[in-house]
Amino acid sequence: MERRRAPPANHRYRQRRFWDALYRREGAETREWLGGLSRFLPQLEAELRPGDRILVLGCGNSALSHDLHELGYTDVTSVDFSPACIAAMRARHARCPALRWAVMDIRALAFPDAAFDVVVEKGTLDVFMVEETDPWHVSPRAAAEMHRVLAEVSRVLRPGGCFISITFAQPHFRKPHYAQEDFGWSLRHAACGDGDTFHYFLYVMRKGQPLDPRDLALGRRLHQPPPPSGPPPPPTPPDDDEDYLFAIQL
């Protein structure tokens, strides 16, 4: 079966050198892909407890980690696979030694099992979908990489801990990836945004709780073969100024 091709520029979002170059230009100047903490603070704080050990995946130059610390959640570890990003964030927050920063690939987290009470990601997992053209039937490569990350998240979460994922990806596209029984967690979601218009979704996975049977069925759908495809559409010209979250099919 011939799959449509994603715009060539999308491939750059998977490359460390693209992000290193971006962070060398921007430094630690705050960039929020899905808005700042205030936009989803009520939903997030409902899942947090004082003293929680929090891991932020793909921290980038977001203020999320620092803002959590300022709210009293002082045990925050932030990782990103870009050395330029981590160097910039360490320098920016040098006066806050309680914040920990590490260069790390989220597909292979260098932490022991059950090391964290909460894991948070905001737009990070969307990078694994940058080369996808059919959100209903993602490629085996993308599904496998997503599974690898989520298995690592489940491993470093303590029993009873939660994974919080914030993304533009709609439930019928993203829940099949999260609703895998071997991760050992439950799944729920909420639409979030400003006023009457939502802009993104917040997913909460609680380790040690069972999946709803309907979510289990969604998870099984991920492994079904896709139907035959039609002719590919004409290529889309790249836009160097485009936000990567809008450039991909989630």
Side-chain angles (χ1 to χ4, degrees), residues 23 27-82 85-106 109-126 149-150 152-168 178 183-194 199-209:
Y23 294 126
E29 180 181 351
T30 300
R31 177 192 285 258
E32 300 291 359
W33 294 108
L34 289 163
L37 177 60
S38 62
R39 296 187 69 186
F40 51 88
L41 182 59
Q43 294 86 357
L44 191 60
E45 282 206 299
E47 309 300 332
L48 302 180
R49 300 293 180 270
D52 274 351
R53 299 163 297 169
I54 301 172
L55 173 63
V56 178
L57 301 179
C59 61
N61 48 10
S62 166
L64 174 61
S65 301
H66 179 261
D67 289 347
L68 286 170
H69 182 274
E70 292 299 290
L71 285 173
Y73 304 102
T74 56
D75 193 340
V76 181
T77 301
S78 307
V79 301
D80 199 285
F81 81 152
S82 167
C85 167
I86 293 300
M89 295 301 279
R90 277 184 180 144
R92 175 171 183 169
H93 299 294
R95 295 184 178 180
C96 190
L99 287 174
R100 294 179 294 276
W101 310 92
V103 178
M104 201 172 297
D105 188 330
I106 63 174
L109 295 172
F111 300 112
D113 296 356
F116 296 96
D117 303 292
V118 178
V119 178
V120 182
E121 75 88 22
K122 182 162 69 81
T124 301
L125 296 185
D126 299 334
V149 174
L150 296 171
E152 280 291 273
V153 171
S154 176
R155 181 185 66 78
V156 302
L157 268 179
R158 69 161 176 83
C162 73
F163 172 40
I164 300 168
S165 174
I166 304 163
T167 173
F168 281 125
Y178 295 160
F183 298 147
W185 57 37
S186 59
L187 171 60
R188 57 187 173 83
H189 75 277
C192 305
D194 300 324
H199 299 285
Y200 52 88
F201 293 89
L202 187 143
Y203 298 87
V204 178
M205 288 132 276
R206 180 70 62 178
K207 189 172 179 181
Q209 295 183 357

Next item on the list: To the nearest 0.5 angstrom, please state how far the OG atom of Ser82 sits from the CE atom of Met89.
Entry: 11.0 Å

Margin query: Please give me the minimum heavy-atom distance between Ser65 and Val56, naming the atom from each residue.
Written below: OG-CG2, 3.6 Å

Item checked: Any side-chain heavy-atom pair of Leu187 and Val204 under 4.5 Å -> no

Margin query: Restricting to side-chain contact (heavy atoms from CB on, under 4.5 Å), what partner residues turn up for Ala91, sequence neighbours left out?
Written below: none

Notebook entry, point to check: What pair of heavy atoms forms the shortest contact from Gln43 to Cys192, and how long is it?
Noted result: NE2-SG, 3.8 Å

Next item on the list: Would you mind reporting whether Glu45 and Tyr73 have side-chain heavy atoms less than 4.5 Å apart?
Entry: yes

Next item on the list: Evaluate the side-chain contact (heavy atoms from CB on, under 4.5 Å) criterion for residues Arg100 and Ser78: first the C-alpha distance (whole Å), next the side-chain angles of each, then the deciding distance (0.1 Å), finally the verdict.
Entry: CA-CA 6 Å; Arg100 294 179 294 276; Ser78 307; over 6 Å; no

Throw together a table of side-chain donor-acceptor distances under 3.5 angstrom for residues 152-165, partners on residues two or more places apart or in other chains.
| from | atom 1 | to | atom 2 | distance (Å) |
| --- | --- | --- | --- | --- |
| Glu152 | OE1 | Leu109 | N | 2.7 |
| Glu152 | OE1 | Arg155 | NH2 | 3.1 |
| Glu152 | OE2 | Arg155 | NE | 2.9 |
| Ser154 | OG | Phe183 | O | 2.7 |
| Arg155 | NH1 | Phe111 | O | 2.7 |
| Arg155 | NH1 | Asp113 | OD1 | 2.9 |
| Arg155 | NH2 | Leu109 | O | 2.8 |
| Arg155 | NH2 | Phe111 | O | 3.0 |
| Arg158 | NE | Asp117 | OD1 | 2.4 |
| Ser165 | OG | Glu121 | OE2 | 2.4 |
| Ser165 | OG | Tyr178 | OH | 2.6 |

Item checked: Minimum side-chain heavy-atom gap Ile166-Tyr200 below 4.5 Å -> yes

Note to self: Just so I know, are the side chains of Arg206 and Glu47 near enough to count as touching, which here means a heavy-atom distance under 4.5 Å?
What the structure shows: yes

Check: Checking Arg49 side chain against Ala46 main chain: does a donor-acceptor pair fall under 3.5 Å?
Finding: yes

Margin query: Nearest 0.5 Å, please: how far is NE2 in His66 from CG in Leu99?
Written below: 6.5 Å

Check: Does any N or O in the side chain of Arg53 come within less than 3.5 Å of the main-chain N or O of Ala115, such that one atom is a donor and the other an acceptor?
Finding: yes

Next item on the list: Kindly write out the residues that satisfy side chain to side chain donor-acceptor pair (under 3.5 Å) with Glu70, not counting sequence neighbours, or none if the list is empty.
Entry: none

Check: By side chain to side chain donor-acceptor pair (under 3.5 Å), which residues pair with Tyr203, not counting sequence neighbours?
Finding: none

Margin query: Return the CG to OG1 distance between Leu202 and Thr167, rounded to the nearest 0.5 Å.
Written below: 10.5 Å

Check: Quick one: side chain to side chain donor-acceptor pair (under 3.5 Å) partners of Gln209, sequence neighbours excluded?
Finding: Ser186

Notebook entry, point to check: What is the distance from atom SG of Cys96 to atom CH2 of Trp101, rounded to the nearest 0.5 Å?
Noted result: 8.5 Å

Check: Hey, what do you get for CH2 (Trp185) to NZ (Lys207), rounding to the nearest 0.5 Å?
Finding: 8.5 Å

Check: When rounded to the nearest 0.5 angstrom, what is the spacing between CG in Leu37 and CG in Leu68?
Finding: 5.5 Å

Checklist line | His69: partners by ring pair (Phe, Tyr, Trp, His ring centres under 6.0 Å), with sequence neighbours left out | finding: none

Check: Looking at Ile54, Val76, Leu55, which hits side chain to side chain contact (heavy atoms under 4.5 Å, CB included) with Val120?
Finding: Ile54

Next item on the list: Would you name the heavy atoms of Met104 and Ala110 that are closest together and state the gap between them?
Entry: SD-N, 3.3 Å

Next item on the list: Would you check if Asp80 and Thr124 make a side-chain contact, meaning some heavy-atom pair closer than 4.5 Å?
Entry: no

